[in-house]
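Note sheet for the following structure.
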Amino acid sequence: LIDRLSGAVPTPIPFLTAPAGFAHAKKAGRLEYLRVSIGLDGVAHADPDEGAAMLGRLTHADALAELGEEVTAVRPGDPVRVLPLGLLGL
């Protein structure tokens, strides 16, 4: 907000695409973000222990996988949008 008020031009969020190394089912119409780690093979591996109470596990993730509102299932090998946290300076 401060940057925008200072006249800075917003930069787009640097999403990448990676193959999923996990399976996940969700309801349509909801946007979800999953904690993932990008392996040396470039595959996004989801944290097996999900839930909001798993804050400590977030420290093991190096990216977030975005599952769009239209997505109802992800299978291993499906392309997913990932946001590497390192690109945000986190």
Side-chain angles (χ1 to χ4, degrees):
L1 176 62
I2 294 173
D3 288 341
R4 189 172 50 180
L5 292 174
S6 299
V9 176
T11 56
I13 296 175
F15 280 96
L16 305 174
T17 301
F22 59 91
H24 183 77
K26 71 174 208 57
K27 294 180 181 180
R30 290 177 30 173
L31 180 65
E32 288 187 16
Y33 292 91
L34 299 178
R35 298 180 301 268
V36 297
S37 295
I38 306 298
L40 295 176
D41 55 0
V43 175
H45 300 280
D47 186 338
D49 296 321
E50 298 178 29
M54 305 300 284
L55 186 59
R57 303 287 301 218
L58 183 58
T59 61
H60 299 289
D62 59 8
L64 295 174
E66 179 186 77
L67 306 182
E69 295 176 5
E70 71 287 350
V71 174
T72 57
V74 175
R75 293 180 302 276
D78 286 352
V80 292
R81 281 175 39 111
V82 293
L83 174 60
L85 298 177
L87 294 179
L88 297 177
L90 300 176

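- Contact record, Ala20 with Val43: C-CG1, 3.9 Å, taken as the closest heavy-atom pair.
- Across all their heavy atoms, Leu31 and Glu69 have their closest contact at N-CG, 3.8 Å.
- Cluster membership check: Ile38 shares its hydrophobic cluster with Phe22, using side-chain heavy-atom separations under 4.5 Å among Ile, Leu, Val, Met, Phe, Trp and Tyr.
- If you take CG on Leu64 and CZ on Arg35, they are separated by 9.0 Å, rounding to the nearest 0.5 Å.
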Between side-chain atoms of residues 74-88 and protein atoms elsewhere (two or more places apart, or another chain), which donor-acceptor pairs fall under 3.5 Å?
{"from": "Asp78", "atom 1": "OD2", "to": "Arg75", "atom 2": "N", "distance (Å)": "2.8"}
{"from": "Arg81", "atom 1": "NE", "to": "Glu66", "atom 2": "OE1", "distance (Å)": "2.8"}
{"from": "Arg81", "atom 1": "NH2", "to": "Glu66", "atom 2": "OE1", "distance (Å)": "3.3"}

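- In terms of heavy-atom proximity, Ala61 sits nearest to Ser37 at CA-OG, 3.8 Å.
- A pairwise comparison of heavy atoms in Pro19 and Gly42 identifies CD-O, 3.6 Å as the closest pair.
- Under a hydrophobic clustering in which Ile, Leu, Val, Met, Phe, Trp and Tyr are joined whenever their side-chain heavy atoms come within less than 4.5 Å, directly or via other members, Leu34 and Leu16 fall into the same cluster.
- Considering every non-hydrogen atom in both His24 and Leu67, the closest pair reads CD2-CD1, 3.4 Å.
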